[in-house]
Amino acid sequence: MHTHLYPPKFGTPVPNRSGKVDTNGLLLWGVDELVTYHYLICEVYRVVPATKLPYEQFWKMSKRQQADHIWKHVFVENTPISEACRGVLTTIKALAWIPMKSRWTPIANSSTSRIPVRTSTR
């Protein structure tokens, strides 16, 4: 896993505290963006082939639905051993995120607990 760092003026399509959302923005963050890393999309198709979930159907899913699908099939139902999985797990550990069923929340009283993550279950 690698990252590209951009200045805030590049904008973000992700809802945030500033209220400024730019659909063409380049700054992406959050667990859904992390779990839908392009190598993990490839990995999920090794265990859930396109005959079961056609590519067109996957790309019509929301980012959240894609992330839930990948998390379930790559991390929960299979052993996450690839380098891409390792990067996700390392990030989750570093940010003190814990899975709550299929969603995420920061660990209470963690120094990273101000990181915005979705905690609702649907």
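All values reported here derive from a predicted model rather than from experimental measurement. Computed over heavy atoms, backbone and side chain alike; hydrogens, waters and symmetry mates excluded.
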Side chain to side chain donor-acceptor pair (under 3.5 Å) filter on S82, not counting sequence neighbours, yields E43
Taking all non-hydrogen atoms of both residues, which atom of I41 and which atom of I70 are closest, and how far apart?
CG1-CD1, 3.8 Å
Over 60° means perpendicular and under 30° means parallel, so tell me whether Y37 and Y39 are parallel, tilted or perpendicular.
perpendicular
Parallel, tilted or perpendicular: ring planes of Y55 versus Y45, cut at 30 and 60 degrees
tilted
Cluster link W59 to V44, ILVMFWY, side chain under 4.5 Å
yes
Taking only residues two or more places apart in sequence or in another chain, which ones pass side chain to side chain donor-acceptor pair (under 3.5 Å) with S62?
Q65
Side chain to side chain contact (heavy atoms under 4.5 Å, CB included) with P13: which residues, sequence neighbours excluded?
L28
In Å, rounded to the nearest 0.5 Å, how long is the span from CG of D22 to NZ of K9?
14.0 Å
For Q57, side chain to side chain contact (heavy atoms under 4.5 Å, CB included) partners two or more places apart
L53, P54
For E77, the side chain to side chain donor-acceptor pair (under 3.5 Å) test, sequence neighbours excluded, returns H73
For K52, what residues pass the side chain to side chain contact (heavy atoms under 4.5 Å, CB included) criterion, not counting sequence neighbours?
V48, P49
Closest non-hydrogen atom pair between L40 and V88, with its separation:
CD1-CG2, 3.5 Å
Does K63 have any side chain to side chain contact (heavy atoms under 4.5 Å, CB included) partners at least two apart in sequence or in another chain, and if so, which?
D32, E33, T36, Q66
Smallest separation among heavy atoms of W71 and V35, with atom names
N-CG1, 4.0 Å
